[in-house]
Amino acid sequence: MQLTKGVEQAICIIVLLSTQDNHNPLASDTISEHLQVSPSYLKKIMRKLVVQNIIRSVPGNNGGFSLAKSPEQITLLEVVESMEGPISIYPDTGLINKVFRDGEHTSKGEAVLHDVFNGANDLIRDYLSKQTAADLLKRTMEQSEIPVLNWNTMNLSNQKEKE
């Protein structure tokens with residue numbers, strides 16, 4: 001199973017918004033500029049995150065995007081599933097039917113494969129559900145608190161200079 005680049009971009013959007021001062025929404029153009037990604041593709045990703053209530057759109061002249069909930073409440077599972085749909089690593093094209101030629105072992109073969117891969121899906125879901133945006137940021141920045149920035153006017157280089 002390989003996730004799309006949309007998952008990576010969604011995680012990066014959430015990282016930016018997790019550190020963004022919530023009183024100053026971040027415009028999609030600013031996010032696109034920071035991540036150096038296509039503005040049109042980024043808007044599609046952001047729309048999916050809005051629909052899943054991970055981020056929210058703030059209308060108006062000083063509008064943009066902000067988190068819909070705290071970084072501690074945003075799991076990697078919901079980010080992945082908002083981009084990719086429910087996790088399912090087994091394609092199940094029905095090929096097992098051809099192996100057994102609709103014989104007595106066909107339904108048992110299908111059941112065994114589904115059981116094995118559903119177990120793998122459950123392990124992945126369980127692991128990703130325990131990883132939050134806050135955990136990622138704290139581990140990455142080696143800090144116990146998530147810094148608050150205004151990405152509209154600064155970046156991490158500016159923040160280090162302030163410290």
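Considering only heavy atoms from C-beta on, Q9 stays 4.5 Å or farther from C12 through its side chain. In this structure, S57 and F65 have side chains that are in contact, with non-hydrogen atoms separated by less than 4.5 Å. Using a 4.5 Å heavy-atom cutoff, the side chains of S40 and S38 are in contact.
Nearest heavy-atom pair, K48 versus S82, reported as atom, atom and distance to 0.1 Å: CD-O, 3.7 Å. The two residues K138 and S144 come nearest to each other via the heavy atoms CE-O, 3.3 Å. Between L128 and T75, the shortest heavy-atom distance links the atoms O-CB, 3.8 Å. Taking both residues in full, the closest heavy atoms of L137 and S18 are given as CD1-CB, 3.3 Å, listed atom of the first, atom of the second, then distance. Nearest heavy atom pair, residue L35 against residue L42, reads CD1-CD1, 4.1 Å. Across I14 and A133, no two heavy atoms sit closer than the pair CG2-CB, 3.7 Å.
Heavy-atom contacts from other residues, nucleotides or ligands closer than 6.0 Å to CG of D21 number more than 12. Atom CD of Q52 has more than 12 heavy atoms from other residues, nucleotides or ligands within 6.0 Å. The number of heavy atoms from other shown groups lying within 6.0 Å of CD (E33) does not exceed 12.
For N118, there are no side chain to side chain donor-acceptor pair (under 3.5 Å) partners at least two apart in sequence or on another chain. Residues satisfying the side chain to side chain donor-acceptor pair (under 3.5 Å) criterion with Q131, sequence neighbours excluded, are absent altogether. Among residues two or more places apart in sequence or in another chain, the ring pair (Phe, Tyr, Trp, His ring centres under 6.0 Å) test is passed with Y90 by F117. Legend: residues meeting salt bridge (charged side-chain N to carboxylate O under 4.0 Å, His left out) with K69, ordered by chain and number and at least two apart, are E78. Scored by the side chain to side chain donor-acceptor pair (under 3.5 Å) test, D122 finds R125 as partners (sequence neighbours excluded). Taking the salt bridge (charged side-chain N to carboxylate O under 4.0 Å, His left out) definition, one finds that K130 meets it with D126, sequence neighbours left out.
Linking Ile, Leu, Val, Met, Phe, Trp and Tyr whenever their side-chain heavy atoms come within less than 4.5 Å puts V15 and L67 in one cluster. Taken together through direct or relayed side-chain contacts under 4.5 Å among Ile, Leu, Val, Met, Phe, Trp and Tyr, L16 and M141 form part of one hydrophobic cluster. A chain of hydrophobic side-chain contacts below 4.5 Å, direct or via other Ile, Leu, Val, Met, Phe, Trp or Tyr residues, connects L113 to I89. Clustering ILVMFWY residues whenever any of their side-chain heavy atoms sit less than 4.5 angstrom apart, transitively, puts V7 in the very cluster that holds I31. L123 and Y127 are members of different hydrophobic clusters when ILVMFWY side chains are connected at heavy-atom separations under 4.5 Å.
Of the N and O atoms on the side chains of T19 and W151, at least one donor lies less than 3.5 Å from an acceptor on the other residue. For the residue pair T132/D135, the side-chain donor-acceptor check at 3.5 Å is satisfied.
In terms of modelled atom types and a separation under 3.5 Å, the side chain of E81 and the main chain of I87 share a donor-acceptor contact. In this structure, the side chain of S32 does not engage the main chain of S28 through any donor-acceptor pair within 3.5 Å. Side chain of R56 to backbone of S66: no donor-acceptor contact under 3.5 angstrom is found. In this structure, the side chain of D92 does not engage the main chain of H114 through any donor-acceptor pair within 3.5 Å.
Atom CG of residue L49 and atom CG of residue L17 lie 8.5 Å apart, to the nearest 0.5 angstrom. To the nearest 0.5 angstrom, T140 atom OG1 is 10.5 Å from I146 atom CD1. To the nearest 0.5 Å, atoms CE (M46) and CG (L26) are separated by 7.5 Å. T4 contributes atom OG1, which lies 3.5 Å from atom CD of E84 (distance to the nearest 0.5 angstrom).
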**Request:** With side chain to side chain contact (heavy atoms under 4.5 Å, CB included) as the test, would you mind laying out the steps for I45 and E8 before giving the verdict?
**Result:** CA-CA 10 Å; I45 291 169; E8 180 182 23; over 6 Å; no
